[in-house]
Amino acid sequence: MPPGLSAASPCALATSMPTGSHLSPTGQTIRQQVVQLDEGSRRDKAWLGDAVLSLFARQWLLGPPQDWQVPSPPSCDLNRAELFTWLTSNQFLSAFRDPTQVEAEIGLVYEKEGLQAAFEYIQAHLLPLFVRQVNNRAKALRGKRH
């Protein structure tokens, strides 16, 4: 298990995980920067962000590299393909805000700071809720069996 995580807290991200500030030179957050984009640019960034999110999800579900300080994919009744579909779905992303906005934020981080920064953005902003939702599903299913 990566440093900073315990089996007792599968949803916890290591506090030492580096994350970029993702601020523009004018102090705008990634979210603010995406909101200011025209619709075409936002969709272009979202297209990139969708690809980065898909790559992250596949890498994480296959088994994250040792240097990733993230929880292992949770155990549940879903197979790897179903977990991938859930993590990358518009339905899941809409828990945060408009899915195109979320994907555009990932795409903008990728363009400005690179793949590692985009993965860290996903780890910090999306993964905790996803793991919580999967764990809640597993608990609900266990409760129905008893």
Closest non-hydrogen atom pair between Gln101 and Arg31, with its separation: NE2-O, 3.4 Å
same_hphob_cluster(Leu83, Phe96) at 4.5 Å side-chain heavy-atom cutoff: yes
Reported CG-to-CZ distance for the pair Leu61 and Arg80, which is rounded to 0.5 angstrom: 7.5 Å
Point-to-point distance, once rounded to the nearest 0.5 Å, from CZ of Arg137 to CG of Leu78: 4.0 Å
Distance-only polar pair, side chains of Gln36 and Gln32, donor-acceptor under 3.5 Å: no
Glu39, CD: over 12 other non-hydrogen atoms inside 6.0 angstrom: yes
Phe56 CZ: over 12 foreign heavy atoms closer than 6.0 Å: yes
Closest non-hydrogen atom pair between Trp60 and Phe130, with its separation: CZ3-CE2, 3.6 Å
Ile106 reachable from Leu129 in the ILVMFWY side-chain graph, under 4.5 Å edges: yes
Shortest non-hydrogen contact from Arg42 toward Val34: NE-O, 3.3 Å
CD-OH distance between Glu113 and Tyr121, expressed to the nearest 0.5 angstrom: 10.0 Å
Single-linkage hydrophobic cluster Val102~Trp47, side-chain heavy atoms < 4.5 angstrom: no
Step-by-step side-chain contact (heavy atoms from CB on, under 4.5 Å) determination, Leu126 to Leu53: CA-CA 10 Å; Leu126 305 182; Leu53 178 59; 4.0 Å; yes
Pairwise side-chain contact, Leu87 with Arg58, heavy-atom cut-off 4.5 Å (strictly under): no
Which atom of Thr88 lies closest to which atom of Leu93, heavy atoms considered: O-CD1, 4.3 Å
Residue among Lys45, Arg97, His125 satisfying side chain to side chain contact (heavy atoms under 4.5 Å, CB included) with Glu105: Arg97
Arg43 CZ: over 12 foreign heavy atoms closer than 6.0 Å: no
Residue pair Pro128 / Gln123: nearest heavy atoms and the distance that separates them: CD-O, 3.1 Å
Minimal non-hydrogen separation, Ser54 against Phe84, with atom names: O-CE1, 3.5 Å
Residue pair Ile122 / Val52, side-chain heavy-atom distance below 4.5 Å: yes
Leu127-Leu115 co-clustered via ILVMFWY side chain contacts under 4.5 Å: yes
Close side-chain approach of Asn79 to Glu82, heavy-atom, < 4.5 Å: yes
